[in-house]
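Notes to accompany the following structure.
Just so you know, ligand 1 is whichever comes first in the structure, and atom 1 is the first atom listed for that ligand.
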Amino acid sequence: MYVVKSSLPDADLKTVAAALQGALVDLLDLSLVAKQVHWNVVGPRFRSVHLQLDEVVDIARLHSDTVAERASTLGVPPDGRAATVTAGSGIGHTPDGWIKDTDAVRTLVDALGAVIARMRERVAATADADPVSQDLLIGITADLEKHHWMFQAENG
Ligand SMILES: [Fe+2]
């Protein structure tokens with residue numbers, strides 16, 4: 001079914017669709033990981049880390065909507081189903097159960113680092129294919145990098 005027609009050539013659309021879908025999956029998983037750790041963090045820095053994690057949840061949810069709707073705008077149906085997120089996320093294993101505040105911060109440093117590396121590849125891949133989508137990905141990456149800095153500073 002071809003409901004929404006894109007103005008992009010097919011080859012460019014394929015590149016951009018992969019970048020947006022990949023970003024969607026990573027951002028959805030990031031929102032889940034940050035919530036999981038938000039609920040399970042324990043330790044002397046509970047309060048600050050607990051609150052900081054919800055900031056990541058908020059931006060991950062916001063940006064997942066941005067990339068999904070950009071895909072829709074280009075005529076590519078986004079796929080945010082749980083099974084798709086599980087199969088495609090670039091974030092590694094997140095432990096279950098209580099998590100010490102220092103480990104919680106490290107988990108977020110690693111998760112954000114993994115997503116940022118993939119986002120930078122998407123930024124490079126979309127430069128010629130669709131600078132409008134690239135602009136969105138650049139803004140999202142900047143936001144993720146800011147939070148990556150703050151979590152690294154937490155364990156400094
Ligand atoms: Fe909460």
Salt-bridge criterion met for R70 and D135 (N-O under 4.0 Å): no

Salt-bridge criterion met for R120 and E145 (N-O under 4.0 Å):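 Here R120 pairs with E145 in a salt bridge, since their nearest N and O are under 4.0 Å apart.
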
Donor-acceptor contact present, side-chain S31 to main-chain L28, <3.5 Å: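 Yes, the answer is positive, given that a donor and an acceptor are paired below the 3.5 Å cut-off.
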
Donor-acceptor pair, side chain of Q134 and main chain of T126, under 3.5 angstrom: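 Answer holds: no.
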
Single-linkage hydrophobic cluster I140~I138, side-chain heavy atoms < 4.5 angstrom: yes

For F151 against L112, the heavy-atom pair lying closest together: CD1-CD1, 3.8 Å

Proximal protein heteroatoms (N, O or S) of the Fe ion (ligand 1), under 2.8 Å: H38 NE2

